[in-house]
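Inspection log for the structure reproduced underneath, given as structure tokens.
The model shown is predicted, which means the values in this text are computed figures rather than measured ones.
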Amino acid sequence: MMTAPASTNSRPGKTARNPADGRASARPADPLLPISEVARRSGVAASALRYYESMGLIASSRQGSSRRYYPRSTLRRVAFIIFAQKIGYSLEDIGRQLARLPTDTLPTNQDWRRLSRDWKQHVTQRIEELQRLNMDLDHCIGCGCLSLKHCKLANPDDLVGRGGPGARRWLGAPYPKELKEKLEKAGCA
């Protein structure tokens with residue numbers, strides 16, 4: 001493993017600052033790792049790390065050369081980014097969440113718990129969305145017509161389209177009352 005040059009972030013005894021309020025923290029500063037080491041240990045390409053950095057999701061420092069060095073805590077931030085993407089968060093959403101974590105020290109368990117409070121609700125919403133999609137697949141492609149606008153069974157006369165633009169049902173909009181009654185009579189709702 002390559003060692004990072006001396007940095008103000010890795011001096012012993014230096015206290016870190018909380019990005020939310022700027023107050024000194026009792027946590028020790030985070031040692032620096034070269035980009036190649038972060039890429040190797042995280043399993044994420046160096047180009048992706050540079051992209052995450054360009055979006056403000058992670059931060060590096062350059063110590064007298066063009067090489068990037070990341071705090072060791074970046075490994076946890078990268079793992080967080082990957083997992084958050086897998087459950088459906090956009091990089092912009094992830095950026096807002098990560099903005100609440102310190103960047104120059106290791107986050108505590110309390111930091112992570114505070115940050116992930118809404119994840120369970122988000123996962124539940126995603127499950128509901130996928131269940132709706134699963135049920136609607138029988139209606140929208142089950143007959144083979146592939147046209148929600150003209151479908152005589154699931155959306156006659158484009159009744160759902162009257163509710164607004166976009167995939168109304170997949171966005172969670174209920175069936176219009178008239179259509180719901182027709183589907184119930186046909187045994188499809």
Where does the angle between the aromatic ring planes of His122 and Tyr89 fall among parallel (under 30°), tilted (30 to 60°) and perpendicular (over 60°)?
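Parallel, since the angle between the ring planes stays under 30°.
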Practice task
Determine the interplanar angle of the Phe80 and Trp119 rings, folded into 0 to 90°, and report it as parallel if under 30°, tilted if 30 to 60°, perpendicular if over 60°.
Solution key: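 Geometry flag for Trp119 against Phe80: tilted rings.
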[X] versus [Y]: any side-chain heavy-atom pair under 4.5 Å?
X	Y	result
Ser73	Arg76	no
Val38	Leu49	yes
Arg114	Asp111	yes
Ile58	Leu98	no
Arg41	Leu33	yes
Val44	Ile81	no

How long is the span from the [atom1] atom in [X] to the [atom2] atom in [Y], to the nearest 0.5 Å?
X	Y	atom1	atom2	value
Arg113	Gln110	CZ	CD	6.5 Å
Glu92	Met55	CD	CE	4.5 Å
Leu130	Gln125	CG	CD	12.0 Å

Atom of [X], atom of [Y] and distance for their closest heavy-atom approach:
X	Y	value
Arg62	Arg67	CG-O, 3.5 Å
Ile94	Leu57	C-CD2, 4.1 Å
Ile87	Arg126	O-CG, 3.6 Å
Ser61	Leu32	OG-CD1, 3.7 Å
Ala45	Ala39	C-CB, 4.4 Å

request  = Start with the C-alpha distance between Tyr70 and Glu37, add both sets of side-chain angles, then the distance that settles side-chain hydrogen bond (donor to acceptor under 3.5 Å, both in side chains), and finish with yes or no.
outcome  = CA-CA 9 Å; Tyr70 293 93; Glu37 182 70 9; over 6 Å; no
